[in-house]
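Scroll down for the structure; my scribbles are underneath it.
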Amino acid sequence: MSPSVRTRFAPSPTGYPHVGNMRSALFAWLFARHNGGVFIIRIEDTDVARKVEGAVEGILDGLRWLGLDWDEGPEAGGDYGPYFQSQRLELYQEAARRLVSQGDAYYCYCSPERLEEMRADQTRRKQPPGYDRHCRELSQEERSKKEKEGITPVVRFKTPLTGETRFHDIIWGDSVFKNSTLDDMVLLKSDGYPTYHLANIVDDHEMEITHVLRAEEWLSSTPRHVLLYDAMGYQPPEFAHLPMLLGPDRSKLGKRHGAVSITDYREQGYLPEAMMNFLALLGWSLDDRTELMSRQDLIDNFSLTRVSKTAAIFNPEKLEWMNGVYIRNLSPEDFLGRVLQALEEGLPSEVERPLSVDYVRQIAPLVQERVKTLVEVPLLTRFFFVDCLDYDVTLLIPKNMDAESTRRALEVSRQRLVELVSFDAEPLEGLLRPLAVELELKAGQLFGALRTAVTGQKAAPPLFETMVVLGRETCLARIEQALARLDSLE
RNA sequence: GGCGCAUUCGUCUAGCGGUUAGGACACCUCCCUCUCAAGGAGGAGAUCACCGGUUCGAAUCCGGUAUGCGCUACCA
């Protein structure tokens, strides 16, 4: 007996790691971890034509990034390998042969052209499309004739013509399908590769998968799978179909909806832990209020009974908010590490590398509560690193002021800053606030002019702290540059 | 066309016969404030797709309709 839960994520390496697939992986992983079970990765590379180079690596990277570790599968090994279906062809071919000899499957010699014609005809006559079972009852002579013609057949399942198939789904409950609505699906293609249906049930059985968690789009093919399990004499696993992920237009989430690859989110500066939390909430909830959950919280509380049946629209705005929360909750040291990397990647190439950790350490706390994604960090802090600021002169002139009054304010500020004994936040504030009064300006006006002069931006971290980090020399130089710009305006 | 499934604020959702239908994102207002954020306090937003039925009572149970989505490949 093996009471332990074994779940699997079985991606097909035909493209990038889609967030919808990653969500399925996450749920399977959470279910396994919650139950102290085993999480398996199996690569379903049975479609030679659609196979994409590097896709396996991309998917594995995505899983690793999210923190979904697997106990068996590529790189991890395991007792049920190999974990690539392309390395298990013998198994499927044997299963197909067995089904044929049992009378549960048959060889089909129909050409793609004939099938296409047949379907076209069916749609024209508004008939339900499906294989017409042309080869189901071929005689021995007819078969050998086709073989002599050199046609390699496919193996099709001999779906029962009558009766019904029922199965239970943990999330959707009981379903009944009439067998008459199912056609004879292909099990083994003419290239010797299995179709999803065959490979899937053979492997789920061989790998002793106890719970199949997969997207809702598979719900309609589950009766076929149940029929296959029966024909093979296998005990079917438990099924749990997950609600689909939709784009804002309510259609299946895809490329046209923007970022759909998990790697896009990594590149856009999202934290994997935020991504995991967000994805977990798409189709699952703990209660009526808990939203922020750590990886351990999720493992502890995940349950299939609280998975919803309705498709969810992927809402990037909420993800962004959640990412901001996670960034703010990072320890200063943790945030620093991520900032360092974001800066290395996002700062202009003329900035000297490697960056000074001590310098970045002073900057990080200034932006931690101001960014929602890591890619915003270099955008918001580039003035700390570049030599030459590039900005529109008019940004220097605060509201209700003109070039001349701005000039005067900056000039006086410059002089006082030169004389300031200690160039720290407190003294700076102690100097500049009264200076605003003296110049008959609002604090916001003076600070605004200085902010632009020193950072080149209208929105920036708090002024005094920023000036301290930049240092007196740089601040004075930048104020002088600002004055020069104002001069050139006239 | 056939089969299947779903339907609570714009979005994610709570709800499992009796609630002023709750929370979150986004939005709006105010407070805080040197900008931007963050934070605090409020606000608006759902006749629970629609129509019938069951019931003293329905978002919750049962029919039907509509809409949407999925499957209907030698793709997964």
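By convention in this document, chain letters (A, B, ...) are assigned in the order of the sequence lines, proteins followed by strands, and residues within each chain are numbered from 1.
Residue A:R42 places no side-chain N or O under 4.0 Å from the OP1 or OP2 atom of B:A76. When the side-chain nitrogen and oxygen atoms of A:T452 are compared with OP1 and OP2 of B:U35, none of them lie within a distance under 4.0 Å. Note on A:K189: a side-chain N or O is less than 4.0 Å away from OP1 or OP2 of B:A76. Residue A:R156 has a polar side-chain atom (N or O) positioned under 4.0 Å from OP1 or OP2 of B:C74. Distances shorter than 4.0 Å separate none of the side-chain N or O atoms of A:R451 from OP1 or OP2 on B:C36. In terms of phosphate contacts, A:K309 brings no side-chain nitrogen or oxygen within less than 4.0 Å of OP1 or OP2 of B:U7. Between A:R119 and the phosphate of B:C74, there is a side-chain N or O to OP1/OP2 separation shorter than 4.0 Å. Taking 4.0 angstrom as the limit, A:K372 places a side-chain polar atom (N or O) nearer than this to OP1 or OP2 of B:A38.
Distances were taken from every side-chain heavy atom of A:P129 (C-beta onward) to each of B:C12, B:G1, B:C74; the shortest belongs to B:G1. The listed nucleotides are B:C12, B:C34, B:G1; the one nearest the side chain of A:F447 is B:C34. Side-chain atoms of A:D47 lie closest to B:C75 of the nucleotides B:C75, B:G1, B:C74.
Using a 4.0 Å heavy-atom distance criterion, A:P462 is classed as a base contact. A:V154 comes within 4.0 angstrom of a nucleotide base, judged by non-hydrogen atoms across all strands.
Interface remark: the A:K318 side chain does form a donor-acceptor pair with the B:A24 base, using a distance-only criterion of under 3.5 Å. Remark: the A:S221 side chain and the B:C71 base include no donor-acceptor N/O pair separated by less than 3.5 Å. A donor and an acceptor atom never sit less than 3.5 Å apart when one is taken from the side chain of A:R250 and the other from the base of B:C69.
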Hey, can you pull the donor-acceptor pairs under 3.5 Å for the side chains in residues 170-179 of chain A, sequence neighbours left out?
residue, atom, partner, partner atom, Å
A:W172, NE1, A:H241, O, 2.7
A:D174, OD1, A:H168, ND1, 2.9
A:N179, ND2, A:T165, OG1, 2.6

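Looking at A:Y265 and A:N323, their side chains never bring a donor and an acceptor atom within 3.5 Å of each other.
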- Message: Checking A:L99 against A:V155 for the side-chain contact (heavy atoms from CB on, under 4.5 Å) test, could you report, in this order, the C-alpha distance in whole Å, the side-chain angles of both residues, the deciding distance, and whether it holds?
- Response: CA-CA 9 Å; A:L99 288 169; A:V155 174; 5.9 Å; no
- Message: Run the salt bridge (charged side-chain N to carboxylate O under 4.0 Å, His left out) test on A:R256 and A:D249 for me, step by step, so that the C-alpha distance in whole Å, both residues' side-chain angles and the decisive distance to 0.1 Å come before the verdict.
- Response: CA-CA 10 Å; A:R256 65 208 160 91; A:D249 62 353; 3.1 Å; yes
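Look at the P atom in both B:G68 and B:U8: the space between them is 15 Å, to the nearest Å. B:U7 and B:G15: their P atoms are spaced 13 Å apart (whole Å). B:G18 and B:G1 have their C1' atoms separated by 45 Å, given to the nearest Å. Distance noted for atom C1' between B:U19 and B:A46: 15 Å (whole Å). For the P atoms, the distance from B:C16 to B:C61 is 11 Å, rounded to whole Å.
Counting to the nearest Å, the P atom of B:G4 and the NE2 atom of A:H241 are 16 Å from each other. For A:M322 and B:A24, the CE to C1' distance is 8 Å, given to the nearest whole Å. A:D184 places its CG atom 12 Å from the P atom of B:A73, with the value rounded to the nearest Å. With rounding to whole Å, A:H257 atom NE2 is found 11 Å from B:C69 atom P. Atom CZ of A:F167 is separated from atom P of B:C3 by 16 Å (rounded to the nearest Å).
At distances below 3.5 Å, not a single donor-acceptor pair connects side-chain atoms of A:E94 with backbone N or O atoms of A:L91.
In this structure A:E147 satisfies the side-chain hydrogen bond (donor to acceptor under 3.5 Å, both in side chains) test together with A:Y109, sequence neighbours excluded.
The partner of B:C34 cannot be assigned: no Watson-Crick or G-U wobble pair with both contacts below 3.5 Å exists in any strand.
A heavy-atom distance below 4.0 Å to RNA chain B is reached by these residues of residues 280-290 of chain A, ordered by number: A:L281, A:L282, A:G283, A:S285, A:D287, A:D288, A:R289.
Nucleotides of RNA chain B nearest to A:L246 and A:T310 differ in position, and the one nearer the 5' end is that of A:T310.
Classification of the A:Y196-A:H225 ring pair by plane angle, with boundaries at 30° and 60°, yields tilted.
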